[in-house]
Amino acid sequence: MEVMRMAISGTQRGKLISAGYTSLSSLSSVSPSLLAKDLNISEVEALEILKAASHSSRLDTSGGDHAILTGAQNAWEMLHEDSCVRITTSSADVDDILGGGISCKEVTEIGGIPGIGKTQFGIQLAINVQIPAHFGGLGGKAIYVDTEGSFMVERTLQIAEGCIEDMEKDKHFRQRDIRAVKEKLLPKDFLANIFHFRICSYTELIAMINHLDKWVSEHRDVKLVVIDSVTFYFRQDFEDMALRTRILGEMALKLMKLAKKFNLAVVLLNQAATKCAEGLYQLTLALGDSWSHASTNRIILFWKGEERCAYIDKSASLPSASAPYSITSEGIRNSITNCKRIRMM
Amino acid sequence: MANRFISEMGLPKSIANVFAARNVKTAKDALSLTEFELMELLDVGLAEVTSAVAYISEMVCPPFETALSLLEQRVQNEHLAGHLPTRLKGLDKALCGGIPFGVVTELVGPAGIGKTQFCLKLALLASLPTSYGGLDGQVIYIDVESKFSSRRMIEIGSKSFPEVFYREGMAKEMAGRILVLQPSSLPEFTDSLQQIKVLLLQNKLKLLIIDSMAALVSGEFEQTNNPRQHPLAWHISFIKSLAELSRIPIIVTNQVRSQTHGDSLFSFQHTVGANSQMQSRPDNPSRFDSHLIAALGIHWAHAVSIRLILEVRSGQRYLKIAKSPISPPLQFCFEITASGISLLSDDGVEVSGPQINAIHSHGHSAIIHCSDTC
């Protein structure tokens, strides 16, 4: 019953079946007017059905010349597109293992225990995506979707100041650019380019993600979407686990599509949870096993001895590795084990 | 906004009626279904469903604000830029002015360390008139463990703020602003939270203290053995939204429990770091007393924005900023005097590594013996 898979309404499907049109091939050689007469519907409606049918049959023909398959690309074409831009994390070591930073066009999940620095990563990336092109950045804008209320403007200001300080230092090394950069960078401009959405329920989160497509097409310079955190509403008040899995899966698909379509980076922050495996309690990221397939890259933050570490748990293109980082008052930086500052104030 | 009625959103009448007829009433109902399911249920075409879902999404999606406008609002609208000063200079400096409004701040520590003392002091500070640096408002103190002592609070008040408390009638007025609730069970606590929400709408309440959160579940934890559902899951999100909506600081205390082994490592750490872990364990002197962790588990820990740990090491009390989006990991020495909690030095010492999360109660008895003999 191929008509079952067609994107048409139930009544129309019922009429098709009762008139004997059950396969796509039976619809392929029928004219709209004939179909309209057979089903006792208007010609416009019949045309719609035939359009839907030809759409489904196109999806069905697998193989053959790839030009026929709309949207397909061969691997060689993709190679050139893959050399995409990346957003630095401000820690050279973490950038190294990530191949230069968080990559655009992909969904990256960052998870870890409370207080390890997930939100710090989120804010840092929202600032770093705005580094102007002549400093090797993207010069984009950021959307910060806040489900937990953990976004701190004071901290964002500090990180923006730290980032500008770094760029000023960098300027001395790039003497030739100094004339190009006449205008002074202000932390306030950085803050003005972060769009903060406060989400209060999972329905709003779904709505937000649905709406992002339209929103981003109106704001083309958005290059980063941070969701902090994707976990929060799904961990409580959720009785129906099947529904949860489905909603999460759909959300992940939409985000991947968004990342591809607008060439932007999507960063999902996830919480850690304890899981009982073979009688042993272990830490793992929340939302379960099916969710772990949702993101393209997965980075876990953890304590390794005295240091904070980032570990690539999953990636299609990068080897698994770990790198230390530290969180300073300016933001995320390289780990500073050999020159520990003992006193702060 | 999630429960907004689709019929009130201004969708074209024809499609809105179809939604109503199929009992898809709220945005939540509609958005929980896939487009294909909606087509089945509503019996309309793909194009209509897609445009309707896009429209509903746009209506439900909350408006954005830039980080800059958030900052400006905060500076303009809020007294002290949205912080309740603790009057502990070092701590206030590290936290950019004190306990921030709008988020949950947690105090963790072993029994008898001074969590309640800290809470009493904060309750007083919030009730002080603005001219003395307070918030000039009501305080709700949810006292689960029945440890609240008015006498002690007035003692702290008159020692710390003699200029206020020795004025006629002031002690009465200050203490009159602090409402103490003593719920005896979780359902009772749930009721009070819902009542508090109503009170918050009237804008008089300036601080909410819950002492302690862990005591509420410690008795009932064993029975609700559903690993997926945290017994306080509803409360966690409710308390967070209370803080956020009314922009008041919320202080919650938490107890400690002993750690089950192995649940602080990721699975890949077991395989990679197993050897080094084994080697470093035996010669680690803190092994015997570092087995305390905060009760309520990791789920709760994610929900708090600021975690302050109070602990004892070799007879000295320490206050540590274990989790904070603003402050580096610092520790301060403190003592408890007649005027409440006070820092021995306002210079915090930065703590590196996960030591900041450890909770010690080593040498705690030394303090008790000491105060007995004195």
Side-chain angles (χ1 to χ4, degrees), chain A residues 7-11 48 113-115 119-120 149-150 152-157 188 191-201 203-204 206-208 210-211 214 235-237 243 247 250 271-274 280-284 300 302-307 311 313 329 340-345, chain B residues 1-2 27-28 31-32 34 39-40 43-46 53-54 56-58 60-62 64-68 70-71 74 93 96 102-103 230 233-234 236-237 240-241 244 260 262-269 298-299 301-302 305 307 322-323 325-326 328 330 347-350 352-354 357:
Chain A
I8 51 173
S9 69
T11 335
E48 288 294 313
I113 57 168
T119 301
Q120 304 291 322
S150 51
M152 287 278 185
V153 260
E154 294 92 343
R155 180 63 181 154
T156 316
L157 192 66
K188 291 210 159 175
L191 294 195
N193 285 336
I194 298 176
F195 305 108
H196 176 258
F197 287 83
R198 178 73 177 101
I199 301 288
C200 298
S201 69
T203 316
E204 281 186 31
I206 299 169
M208 164 83 211
N210 282 342
H211 183 49
K214 191 179 166 203
R235 270 186 104 172
Q236 40 229 354
D237 312 328
L243 180 69
I247 289 181
E250 208 179 327
Q271 303 177 343
T274 42
L280 195 72
Y281 279 95
Q282 282 184 349
L283 277 177
T284 174
I300 295 180
F302 66 104
W303 286 107
K304 186 180 187 182
E306 297 283 288
E307 280 179 325
Y311 169 81
D313 188 49
S329 52
K340 246 178 230 162
R341 289 168 305 159
I342 306 295
R343 286 193 160 248
M344 266 301 292
M345 299 195 271
Chain B
M1 288 218 260
K28 185 176 177 177
L31 294 175
S32 302
T34 62
M39 279 170 60
E40 282 290 337
D43 196 8
V44 289
L46 180 66
V53 167
I56 295 171
S57 300
E58 189 171 349
V60 173
C61 179
F64 74 89
E65 289 192 68
T66 65
L68 183 64
L70 285 177
L71 185 72
R74 195 148 307 172
K93 198 174 161 198
C96 285
V103 295
H230 195 282
W234 178 84
I236 292 172
S237 54
K240 272 190 83 114
S241 69
E244 174 95 15
T260 349
D263 66 353
S264 63
L265 290 176
F266 285 102
S267 52
F268 62 83
Q269 282 174 282
I298 198 165
H299 185 174
H302 277 296
S305 295
R307 169 174 268 185
K323 178 186 179 187
I326 314 169
L330 294 177
D347 288 331
V349 177
E350 190 165 349
S352 68
N357 291 317

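Numbers restart at 1 for each chain; the letters A, B, ... are given by sequence-line order, proteins then strands. Atom set for the values below is all heavy atoms of this structure, side chains included, hydrogens, waters and symmetry mates excluded.
Rounded to the nearest 0.5 Å, atoms SG (C96(B)) and CG (L157(A)) are 9.5 Å apart. The distance from the OG1 atom of T11(A) to the CG atom of D43(B) is 2.5 Å, given to the nearest 0.5 Å. One distance of note links CD1 of I56(B) with OG1 of T203(A); it measures 11.5 Å at 0.5 Å rounding. Rounding to the nearest 0.5 Å places CG of L243(A) at 5.5 Å from OG of S32(B). Expressed to the nearest 0.5 Å, how far CD1 of I326(B) lies from OG1 of T156(A) amounts to 9.5 Å. To the nearest 0.5 Å, atoms NZ (K188(A)) and CG (L68(B)) are separated by 6.0 Å.
The nearest pair of heavy atoms linking A301(B) to P114(A) is CB-CG, 3.3 Å. Closest non-hydrogen pair, L71(B) versus L191(A), comes out as CD2-CD1, 3.8 Å.
Ionic pairing of R198(A) and E244(B) is present here: one or more N-O contacts between side-chain nitrogen and carboxylate oxygen are shorter than 4.0 angstrom.
In this structure, Q120(A) contributes its side chain and P325(B) its backbone to a donor-acceptor pair below 3.5 Å. Of the possible polar contacts, none joining the N210(A) side chain to the A54(B) backbone as a donor-acceptor pair under 3.5 Å is found. A donor-acceptor pair under 3.5 Å links the side-chain atoms of H302(B) to the main chain of A272(A), judged by distance alone.
At a 4.5 Å heavy-atom cutoff, S241(B) makes no contact with chain A through either its backbone or its side chain. For chain B, the nearby parts of Q271(A) are the backbone and the side chain; heavy atoms of each come within less than 4.5 Å. Proximity to chain A is limited to the side chain of V103(B), based on heavy atoms less than 4.5 angstrom apart. Contact of M152(A) with chain B is made through the side chain alone, with heavy-atom distances under 4.5 Å.
Residues that satisfy the side-chain contact (heavy atoms from CB on, under 4.5 Å) test with T284(A), not counting sequence neighbours, are K275(A). Taking the salt bridge (Lys or Arg N to Asp or Glu O under 4.0 Å) definition, one finds that E40(B) meets it with R13(A), sequence neighbours left out.
By number of non-hydrogen pairs under 4.5 angstrom with chain B, the leading residue of S150(A), G10(A), A273(A) is G10(A).
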Item to check | Worked check of side chain to side chain contact (heavy atoms under 4.5 Å, CB included) between N193(A) and T66(B) | outcome: CA-CA 7 Å; N193(A) 285 336; T66(B) 65; over 6 Å; no

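Side-chain atoms of P62(B) and I199(A), non-hydrogen and from C-beta on, do get closer than 4.5 Å to each other. By the 4.5 Å heavy-atom criterion applied to side chains, L46(B) and I8(A) are not counted as neighbours.
Between F197(A) and F64(B), the two ring planes are tilted [angle within 30° to 60°].
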